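There's a structure below that I have some questions on.
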Amino acid sequence: MHIDLYERFWMWSAGAICAAFFGTIVYGLVSEGTRPPSHVETIDPTAVWSDPRFAQPGVTANPDGSVTVTAVALMFAFQPNEIRVPAGKPVTFRLTSPDVVHGFEIVGTNANTMVIPGYVAQFTTTFATPGEYLMVCHEYCGLGHHAMMGKLIVEEAL
Ligand code: CUA
């Protein structure tokens, strides 16, 4: 079968691009530890505030020095709105939504997840650099979406 030179060039180019994209996924998986942030933990979205897992959103220090942040994303705020965590320690975020799909991104870090009603989004990360970080919702959730933000304060570890 005769394949035109240019046709062949573009076929190989398309193949190379696919291989490069797949390579970035494998690189992220192996070298950067990238994983899907949500795990399959369900919650009744109509009963978030009375659920013991989310009844008291906030920061909990664990005996091993790590920290767990429990937060609720709702129209149009994060509860709590200001979160303080130590630098250099593993921080596990646990989030859910009582209303619609929200996003949770901490600008300038690798902390980023969707927050889906009915599920608990969980991921663990470590913040190396102390400072103030902006938390934003990056899923359009309604008229107040642009105002849905909060502050993460990473404090120098003692
Ligand atoms: Cu919440 Cu956009």
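Along the sequence shown, residues are numbered consecutively beginning with 1. Just so you know, these numbers use all the heavy atoms, side chains as well, and skip hydrogens, waters and symmetry mates. Since the structure is predicted, the reported quantities are computational estimates derived from the model, not experimental observations. We count ligands from 1, going down the list as the structure has it; atoms in each ligand are counted the same way.
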(request) Drop me the distance from Cys137's SG to Phe104's CZ, to the nearest 0.5 angstrom. (result) 10.5 Å
(request) Take atom CH2 of Trp10 as the centre, draw a 6.0 Å sphere, and report whether it contains more than 12 heavy atoms from other residues, nucleotides or ligands. (result) no
(request) Looking at His102, pick out the N, O or S atom nearest to atom 1 (Cu) of ligand 1 and give its name. (result) ND1
(request) Check the surroundings of atom CG in Leu143: do more than 12 heavy atoms from other residues, nucleotides or ligands lie under 6.0 Å from it? (result) no
(request) Verify, without hydrogens or angle tests, whether Ser13 (side chain) and Phe9 (backbone) share a donor-acceptor contact under 3.5 angstrom. (result) yes
(request) Taking atom types as modelled, find out whether Tyr27 and Glu32 have a side-chain donor-acceptor pair closer than 3.5 angstrom. (result) yes
(request) Give the atom name of whichever N/O/S atom in His145 sits closest to atom 2 (Cu) of ligand 1. (result) ND1
(message) Quick check for you: with atom 1 (Cu) of ligand 1 as the vertex, what angle do SD of Met148 and SG of Cys137 span, to 10°?
(response) 110°
(request) Could you confirm whether Cys141 has any N/O/S atom lying under 2.8 Å from atom 2 (Cu) of ligand 1? (result) yes
(request) Give the atom name of whichever N/O/S atom in Glu139 sits closest to atom 2 (Cu) of ligand 1. (result) O
